[in-house]
Amino acid sequence: MAQARKIALYVIVVFVLYTIITSPERSADLVQIGFEGVSSAAQGVGDFMSELVK
C-alpha cells in the first residue's frame with residue numbers, strides 16, 4: 001500500500017511538472033484561480049465570524 005502511494009505521488013508530481021513546462025500560462029491561470037478560491041473562502045469565514053460576534 002505504501003508503494004502505491006509513492007508511485008501515485010510520483011505520477012502526480014511528474015504530471016504537474018509536465019503541465020507547468022508545456023503550458024506555463026495556463027498553469028499560472030489555474031494557480032490564480034485556486035488562490036482566488038481560497039481567498040474567497042477565507043473572506044466568507046471571516047464575514048461569518050463577524051456576524052456571529054454582532
Kindly write out the residues that satisfy side chain to side chain contact (heavy atoms under 4.5 Å, CB included) with [X], not counting sequence neighbours, or none if the list is empty.
| X | answer |
| --- | --- |
| V11 | I7 |
| L52 | F48, M49 |
| I20 | V16, S27 |

Does anything in residues 10-30 pair up under salt bridge (Lys or Arg N to Asp or Glu O under 4.0 Å), and if so which pairs, sequence neighbours excluded?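 Qualifying pairs: none.
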With sequence neighbours excluded, give me every salt bridge (Lys or Arg N to Asp or Glu O under 4.0 Å) pair touching residues 39-53. E51-K54
Going by the side-chain hydrogen bond (donor to acceptor under 3.5 Å, both in side chains) test, which pairs reach into residues 1-24, not counting sequence neighbours? none
Hydrophobic clusters join Ile, Leu, Val, Met, Phe, Trp and Tyr when side-chain heavy atoms are under 4.5 Å apart, directly or via other members; which others share one with V13?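 Under the 4.5 Å side-chain rule, V13 groups with L9, L17.
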Report the hydrophobic cluster partners of V31, with the cluster defined as I, L, V, M, F, W, Y residues connected by side-chain heavy atoms closer than 4.5 angstrom, directly or transitively. F35
Going by the rule side chain to side chain donor-acceptor pair (under 3.5 Å), which residues pair with Q32 if we only count those two or more places apart in sequence or in a different chain?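 If we apply the side chain to side chain donor-acceptor pair (under 3.5 Å) test to Q32, skipping adjacent residues, the hits are E36.
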